[in-house]
**Q** 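If you scroll down you'll find the structure; I have some questions about it.
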Amino acid sequence: MSVRVRFAPSPTGHLHVGGARTAIFNWLFARHHHGTFVIRVEDTDQARSTRESEAMVLDDLRWLGLDWEEGPDIGGPHAPYRQSERFERYRTVAGELLERGRAYRCFCTEEDLDRKRSEAEAQSRPPHYDLTCFHLSAEEARARAGKEPFVVRFHVPREGEGSFSGDVTIDDLIRGEITWRGESLGDFIILRSDGMPTYNFSVVADDHDMEITHVIRAEEHLTNTHRQVLLYRALDWPIPAFAHVSLILGQDRSKLSKRHGATSVAAYADEGFLPEAMVNYLTLLGWSAPDGREIFSIDDAVASFSLSRVNPAPAVFDPQKLAWMNGQYIHSASASSLRVRLAGRFRAAGWIRGETASLDAWLDDAIDLVKKGAQTLDELTDALRFFFDHDVSRLIGDEENRQVLESPSSGEIIEKLREDLELHGEPESSEAYQEMVERLKTATGQKGKNLFMPIRIVLMGAAHGPELHRAVPLMTRGSRISELAPVVSPLERARRCLEQALR
RNA sequence: GGCGCAUUCGUCUAGGGGUCCAGGACGCCGCCCUCUCACGGCGGUAACACGGGUUCGAAUCCCGUAUGCGCUACCA
C-alpha cells in the first residue's frame with residue numbers, strides 16, 4: 001500500500017516554525033516513500049479561521065520548497081480539502097455512529113455540565129460526563145431532538161459492555177507502545193449543538209476518507225489519539241499508523257510562541273533567511289542524519305529520512321544556530337544566485353536604476369566582497385550600504401574613528417591620498433590599489449595599521465569591513481556605472497573628509 | 001488532581017549492555033591567518049536528572065522519585 005500523509009494546518013495566521021517542522025517531516029516521509037502528500041485545512045473553528053490565513057500558510061509552505069499532490073488549492077480525488085466544506089460528511093458519519101448505538105444525543109446544557117464538573121471535582125471524582133443522556137431511551141431522545149438543542153456524544157465503552165473496550169494501545173513510530181485505559185476518558189462530544197464537528201471527530205473522518213496511512217503530527221495531539229482510535233474502532237475503519245513529533249520550545253523551555261520573538265517562517269523570510277537553511281535547521285530539530293552530517297540538501301534528507309531517527313524529546317529553538325546555518329548557505333551560494341534573491345531589497349533601497357550586464361557584474365563582485373560577513377540577506381544588504389552612503393559627520397561621530405583620524409600622521413596620509421588619487425587616478429583594479437599603497441608608504445613613511453586605518457576609515461567610513469584592495473577598486477568602478485545609484489568615489493570621499501573633518 | 005509523554009555539555013544531538021573517564025554541531029574562550037571586521041584553520045570549556053534494581057559489566061534494560069511539557073473544552 002502506498003504511503004499517504006497529510007499536513008493539516010488551522011488557518012489562523014502565518015505558518016509557525018513548529019507547524020513548518022511537522023509539515024517538513026510529513027513531506028520528507030512522503031517523498032522518501034514515493035507517497036502522496038496532502039494538505040487539509042482544519043477550519044472548523046470559524047471564528048478564528050480565515051481564507052487570507054489559508055493563503056498565507058500555503059505560501060509559506062511553498063516558500064519552504066514543499067509541494068503537495070492534493071490540497072484546497074489544487075483539489076484532488078478526495079476533495080474538498082477544507083473541513084468547512086465537509087460538514088455534510090461529518091453529519092453522515094455521526095448518524096452512522098448514532099445508528100450503531102456508539103454515540104447518542106445529549107441534551108444537557110452547558111450550565112448543567114459546569115455544575116456536574118465542579119461537583120465531581122469537589123468529590124475528587126474524575127470530571128467525566130455522568131451519562132445522564134446515555135441512559136435516555138431512544139424514543140425520548142428522538143422526541144426531544146425535535147424541540148431541544150443537543151450535541152452528539154461518543155460513548156466510551158465501559159468494562160463489561162459487550163465485546164467493546166475503551167482501552168487503547170498504539171505503537172507510535174517515534175515513541176513506541178503507548179497505552180490508555182478507558183476509564184481515563186469520559187464520553188466526548190463529536191458534534192456540537194450547532195452541528196459543527198469537533199476536532200477529534202473531523203480528523204478521524206477525514207483521515208479515513210482521504211486514505212491517510214501515517215498520521216505524523218505534533219505531540220500535543222498524543223492523548224487525542226485515544227479518542228480517535230476509539231472512533232476508528234466503532235466505525236470498523238482501519239487505523240493508520242501514528243507518529244507524534246515532540247514540541248518545539250522557546251529559550252525558557254515553554255512551548256514556542258509569539259512572545260519568544262519571531263516564530264513565523266514568514267518573519268524569517270523577511271529578515272533574509274533562505275528557505276534551504278530554514279528547512280535544514282528545522283529538519284535537524286528532532287532528526288539527525290545517519291551519517292551525522294548537519295548541512296544537507298533537502299534531497300539528501302529525503303534519501304535518508306526515517307521516523308525511527310526522530311528524537312522523542314522536545315527541542316529548544318536556537319536562533320543563533322539557525323543564523324549560523326543560514327550564513328553557511330549564504331557563504332557557499334554563488335554571487336549571481338544571491339543577486340537574484342537580493343533584487344527586491346536592492347530595488348527597495350533605490351540602488352538599481354537600470355539594467356545592464358556591467359551592473360550585474362559589479363553587483364556580483366560587490367556581493368562576493370561582503371557575503372562572508374553576512375548571515376542573512378538583510379545583513380548582506382546592510383554590508384553593501386557603504387558604497388552609496390558616505391556620511392562624514394556620522395563617520396567622525398564614532399569615537400574609534402575620531403581617535404584614528406586625530407592621530408598626528410593621519411592628516412598627512414589623507415592629504416597624500418587625495419593627491420595620489422588626483423594625480424594617478426582612482427584605482428580600478430587590485431593591482432592599481434596596491435601601487436597606490438606603495439606610493440603612500442614612501443610618501444608618508446607609514447606602514448601597517450598606522451597607514452591602513454586612516455585610509456580605511458576615510459574610504460570605507462568605518463574601522464571594520466571588507467578588504468580594501470577589493471573594495472576600493474569596486475568603489476571606483478561603481479561610481480562610473482550610471483544604472484546604479486551614485487556610488488561615492490574614492491577621491492570624493494577623501495575630499496569630503498579633508499573639508500569637513502580635518503580642518 | 002487524573003492520564004500520557006519526555007529527561008546526554010548552556011542549546012541541537014550521536015549513542016540502543018562492554019570499543020564511552022561519552023563523539024559531533026551551535027555558542028563561549030584562546031591561538032593562527034590578517035590593514036580591520038568577518039570567513040577559515042587549530043585547540044579548549046562543558047553533559048548521561050536522582051535513587052534503587054537486573055547484570056561479570058548500564059548513558060544504554062526495569063522500577064520508583066523529581067522536574068518539564070501535553071491532554072483532561074460544544075479550541076485545534
Side-chain angles (χ1 to χ4, degrees), chain A residues 8-12 42-45 47-49 83 106 108-110 113-114 117 121 124-128 149-153 172 174-176 178-181 183-186 188-200 202-203 217-227 244 246-247 249 251 253-255 281 284-295 309 311-325 327-328 331 370-375 379 383 400 404 437 447-457 460 462-469:
Chain A
S10 293
T12 56
E42 310 220 321
D43 55 351
T44 54
D45 182 356
R48 295 196 303 150
S49 304
Q83 292 191 326
C106 173
C108 296
T109 63
E110 287 203 58
L113 297 172
D114 284 343
R117 238 192 310 274
E121 258 169 66
S124 62
R125 281 185 289 114
H128 296 159
F150 61 88
V151 301
V152 177
R153 273 183 199 276
D172 191 279
I174 292 172
R175 286 146 215 278
I178 298 164
T179 299
W180 296 273
R181 308 278 302 162
E183 303 87 273
S184 61
L185 213 56
F188 55 91
I189 294 170
I190 58 174
L191 237 42
R192 299 191 260 248
S193 50
D194 61 0
M196 302 275 193
T198 56
Y199 166 76
N200 283 300
S202 53
V203 158
R217 71 211 333 179
E219 188 189 346
E220 55 193 319
H221 295 298
L222 182 57
T223 49
N224 286 327
T225 308
H226 186 184
R227 293 179 180 76
H244 289 91
S246 69
L247 258 21
L249 273 25
Q251 306 278 273
R253 302 204 75 89
S254 70
K255 186 177 161 180
Y281 177 72
L284 226 34
L285 221 48
W287 182 78
S288 56
D291 61 7
R293 281 178 54 201
E294 296 211 329
I295 304 280
R309 290 193 66 82
N311 191 144
V316 173
F317 185 78
D318 182 3
Q320 270 191 315
K321 186 155 183 178
L322 204 213
W324 167 80
M325 189 167 281
Q328 296 299 304
H331 302 168
V370 301
K371 75 175 185 184
K372 294 281 191 191
Q375 289 189 316
E379 287 178 12
E400 190 184 0
V404 172
V437 168
K447 59 177 182 176
K449 272 187 194 173
N450 289 338
L451 176 65
F452 286 105
M453 282 315 274
I455 296 178
R456 169 173 290 285
I457 288 169
M460 307 292 289
H464 309 303
E467 299 156 293
L468 288 170
H469 74 92

**Q** What are the two closest heavy atoms between A:V316 and A:L285, and how far apart are they?
**A**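 For A:V316 and A:L285, the tightest heavy-atom pair comes out as O-CD1, 4.0 Å.
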
**Q** Below 3.5 Å between N/O atoms, which protein atoms pair up with nucleotides 64-69 of chain B? Just atom names and distances, please.
**A**
none

**Q** Between B:rC26 and B:rG44, how far apart are the two P atoms, rounded to whole Å?
**A**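 Comparing P positions in B:rC26 and B:rG44 gives a spacing of 15 Å.
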
**Q** For a quick check of understanding: with a heavy-atom distance under 4.0 Å over all strands, which category does A:T179 fall into, base, sugar-phosphate or nothing?
**A**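 Touches sugar-phosphate only.
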
**Q** Along nucleotides 22-35 of chain B, 5' to 3', which nucleotides get a B, which get an S, and which get a -, given that the test is a protein heavy-atom distance under 4.0 Å?
**A** --BBSS-------B

**Q** By nearest nucleotide on RNA chain B, pick out whichever of A:A374 and A:I174 is the more 5' one.
**A**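 Closest to the 5' end, via its nearest nucleotide, is A:I174.
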
**Q** Measuring only the P atom in each nucleotide, how far is B:rG30 from B:rU45? A whole number of Å is fine.
**A**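 That atom pair is separated by 15 Å.
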
**Q** Identify the heavy atoms of A:S246 and A:A313 that sit nearest to each other, and give their distance.
**A**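 It is OG-O, 2.9 Å.
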
**Q** Given A:E294 and A:Q328, is the side chain to side chain contact (heavy atoms under 4.5 Å, CB included) satisfied, shown in steps?
**A** CA-CA 11 Å; A:E294 296 211 329; A:Q328 296 299 304; over 6 Å; no

**Q** Would you say A:S184 and A:H128 are linked by a side-chain donor-acceptor pair, where the criterion is simply a distance under 3.5 Å?
**A**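 The criterion, which ignores hydrogens and geometry beyond distance, is not satisfied for A:S184 and A:H128.
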
**Q** Tell me what A:P312 touches on the nucleic acid: a base, only sugar-phosphate, or nothing, going by heavy atoms under 4.0 Å.
**A**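 It contacts sugar-phosphate atoms only.
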
**Q** Could you give the CE-to-C1' distance, from A:M325 to B:rC12, as a whole number of Å?
**A**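 Atom-to-atom, A:M325 to B:rC12, this comes out as 9 Å.
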
**Q** If the C1' atom of B:rG10 is compared with that of B:rG52, how far apart are they to the nearest Å?
**A**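 Approximately 30 Å lies between the C1' atom of B:rG10 and that of B:rG52.
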
**Q** Taking only the C1' atom of each, what is the distance from B:rU11 to B:rU7 in whole angstrom?
**A**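 After rounding to an integer number of Å, I get 15 Å for this pair.
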
**Q** Determine which nucleotide pairs with B:rC28, using a 3.5 Å limit on both distances of a Watson-Crick or G-U wobble pair.
**A**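 Partner of B:rC28: B:rG44.
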
**Q** Send over the distance from A:I295 CD1 to B:rC12 C1', rounded to a whole Å.
**A**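 It is 13 Å, rounded to the nearest whole Å.
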
**Q** Can you tell me the distance, in whole Å, between the CD atom of A:E379 and the C1' atom of B:rA38?
**A**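 So the two atoms are 11 Å apart, to the nearest Å.
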
**Q** Side chains of A:T225 and A:R217: donor-acceptor distance under 3.5 Å anywhere?
**A**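 Side chains of A:T225 and A:R217: pair found under 3.5 Å.
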
**Q** With both distances under 3.5 angstrom, what nucleotide forms a Watson-Crick or G-U wobble pair with B:rA49?
**A**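 Base-paired to B:rU65.
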
**Q** Is it the case that the base of B:rC74 and the side chain of A:S193 share a donor-acceptor contact (distance under 3.5 Å, atom types as modelled)?
**A**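 By the distance-only test, yes, there is a pair.
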
**Q** With both distances under 3.5 Å as the test, what is the Watson-Crick or G-U wobble partner of B:rU55?
**A**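 Base-paired to nothing in any strand shown.
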
**Q** Base, sugar-phosphate, or nothing: which does A:R309 touch, judged by heavy atoms less than 4.0 Å apart?
**A**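 Sugar-phosphate only.
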
**Q** Counting the atoms with a prime plus P, OP1 and OP2 as sugar-phosphate, which does A:E183 contact under 4.0 Å by heavy atoms, base, sugar-phosphate, or nothing?
**A**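 Since no nucleic acid heavy atom lies under 4.0 Å of A:E183, the category is nothing.
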
**Q** Can you check the distance between B:rG53 and B:rC42, where both ends of the measurement are the C1' atom (answer in whole Å)?
**A**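 Going atom to atom, C1' in each nucleotide, I get 46 Å.
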
**Q** Starting from P on B:rU72, measure out to NE2 on A:H221 and report it in whole angstrom.
**A**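 About 11 Å, once rounded to whole Å.
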
**Q** What's the closest nucleotide to the A:V316 side chain, out of B:rA14, B:rU11, B:rC5?
**A**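 Nearest listed nucleotide: B:rU11.
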
**Q** Assign A:R227 to base, sugar-phosphate, or nothing according to its heavy-atom contacts below 4.0 angstrom with the strands shown.
**A**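 It contacts sugar-phosphate atoms only.
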
**Q** Does a donor on one side chain sit under 3.5 Å from an acceptor on the other, for A:S10 and A:R48?
**A**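 No donor-acceptor contact under 3.5 Å links the two side chains.
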
**Q** It should be established whether A:N311 places a side-chain nitrogen or oxygen under 4.0 Å from OP1 or OP2 of nucleotide B:rA14.
**A**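 Yes, within the criterion.
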
**Q** Under 3.5 Å for both donor-acceptor distances, Watson-Crick or wobble: does B:rA38 have a partner, and if so which one?
**A**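 Partner of B:rA38: none.
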
**Q** Taking all heavy atoms of A:P466 and all of A:V370, pick out the closest pair and write down the distance.
**A**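 Smallest heavy-atom distance, with atoms named: CG-CG1, 4.1 Å.
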
**Q** A:H226 NE2 to B:rU72 P: how many Å, rounded?
**A**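 After rounding, the reported distance stands at 13 Å.
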
**Q** With respect to A:Y199, which candidate in A:H221, A:Q83, A:E42 satisfies the side-chain hydrogen bond (donor to acceptor under 3.5 Å, both in side chains) definition?
**A**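 Single pass found, and it is A:H221.
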
**Q** How far, in whole Å, is B:rC63 from B:rG24 if one measures between their P atoms?
**A**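 To the nearest whole Å, 33 Å.
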
**Q** Pick the closest RNA chain B nucleotide for A:A463 and for A:C108 by heavy atoms, then say which residue is nearer the 5' end.
**A**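 Closest to the 5' end, via its nearest nucleotide, is A:A463.
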
**Q** Please report the shortest heavy-atom distance between A:W180 and A:L222, naming the atom on each side.
**A**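 A:W180 and A:L222 have their closest heavy atoms at CZ2-O, 3.4 Å.
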
**Q** Stepwise, does the side chain to side chain contact (heavy atoms under 4.5 Å, CB included) test hold for A:M325 with A:L284?
**A** CA-CA 11 Å; A:M325 189 167 281; A:L284 226 34; 3.8 Å; yes

**Q** Mind checking A:G286 for me? I need base, sugar-phosphate or nothing, with any heavy atom below 4.0 Å counting as a touch.
**A**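 Touches sugar-phosphate only.
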
**Q** Mind checking who B:rC9 pairs with, Watson-Crick or G-U wobble, both distances under 3.5 Å?
**A**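 Paired with B:rC9, as far as the under-3.5 Å criterion goes, is no nucleotide at all.
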
**Q** Which one, B:rG4, B:rC74, B:rU7, comes nearest to the side chain of A:L222?
**A**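 Looking only at heavy atoms from C-beta outward on A:L222, the closest nucleotide is B:rG4.
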
**Q** Please check the phosphate of B:rA14 (OP1 and OP2 only) for any side-chain N or O of A:S288 closer than 4.0 Å.
**A**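 It does, given that an N or O in the side chain of A:S288 lies less than 4.0 Å from OP1 or OP2 of B:rA14.
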
**Q** With both distances under 3.5 angstrom, what nucleotide forms a Watson-Crick or G-U wobble pair with B:rG16?
**A**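 Pairing partner, where one exists within any strand: none, as none qualifies.
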
**Q** Of all residues at least two apart in sequence or in a different chain, which pass the salt bridge (Lys or Arg N to Asp or Glu O under 4.0 Å) check with A:K447?
**A**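 Expected list: none.
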
**Q** Expressed in angstrom and rounded to an integer, what is the separation of A:Y281 atom OH from B:rU11 atom P?
**A**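 Atom-to-atom, A:Y281 to B:rU11, this comes out as 12 Å.
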
**Q** How would you label the contact of A:V151 with the nucleic acid (heavy atoms, under 4.0 Å): base, sugar-phosphate, or nothing?
**A**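 Counting heavy atoms under 4.0 Å across all strands, the contact made by A:V151 includes a base.
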
**Q** Quick one: closest heavy-atom pair of A:Q251 and A:D318, and the distance?
**A**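 That would be NE2-CA, 4.2 Å.
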
**Q** Where is the tightest heavy-atom contact between A:M196 and A:T44, given as atom of each residue plus distance?
**A**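 Scanning both residues completely, I find the closest heavy atoms to be SD-O, 4.3 Å.
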
**Q** Can you tell me the base-pairing partner of B:rG70? Count Watson-Crick or G-U wobble geometry only, both distances below 3.5 Å, and say none if there is no partner.
**A**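 Pairing partner: B:rC3.
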
**Q** If you check every side-chain atom of A:T223, which of B:rC37, B:rG70, B:rA76 has the closest atom?
**A**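 The listed nucleotide nearest to A:T223's side chain is B:rG70.
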
**Q** When you measure from the side chain of A:P127, which nucleotide among B:rU13, B:rU72, B:rC37 comes out closest?
**A**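 Between B:rU13, B:rU72, B:rC37, the one nearest the side chain of A:P127 would be B:rU72.
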
**Q** Ignoring backbone atoms, test whether A:S184 places a side-chain nitrogen or oxygen under 4.0 Å from the OP1 or OP2 oxygen of B:rG4.
**A**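 No, no such contact exists.
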
**Q** Let's see if you can work this out: which of B:rA76, B:rA73, B:rC37 has an atom nearest to the side-chain heavy atoms of A:R117?
**A**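 Of the candidates, B:rA73 comes closest.
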
**Q** Rounded to whole Å, how long is the line connecting atom CG of A:N200 with atom C1' of B:rU72?
**A**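 Going from CG in A:N200 over to C1' in B:rU72 covers 12 Å.
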
**Q** Measure the distance from OH on A:Y199 to C1' on B:rU72 and round it to the nearest whole Å.
**A**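 Going from OH in A:Y199 over to C1' in B:rU72 covers 16 Å.
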
**Q** Tell me if the centroids of the rings in A:F317 and A:Y281 come within less than 6.0 Å of each other.
**A**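 A:F317 vs A:Y281: aromatic centres under 6.0 Å.
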
**Q** Could you give the distance separating B:rC48 and B:rC61 at their C1' atoms, to the nearest angstrom?
**A**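 My reading of the C1' atoms in B:rC61 and B:rC48 gives 15 Å.
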
**Q** Between B:rA59 and B:rG15, how far is it from one C1' atom to the other, in whole Å?
**A**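 Each nucleotide's C1' atom is 8 Å from the other's.
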
**Q** How is A:T44 classified with respect to the nucleic acid when contacts are heavy atoms under 4.0 Å: base, sugar-phosphate, or nothing?
**A**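 Sugar-phosphate: the residue A:T44, judged by heavy atoms under 4.0 Å, touches backbone atoms but no base.
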
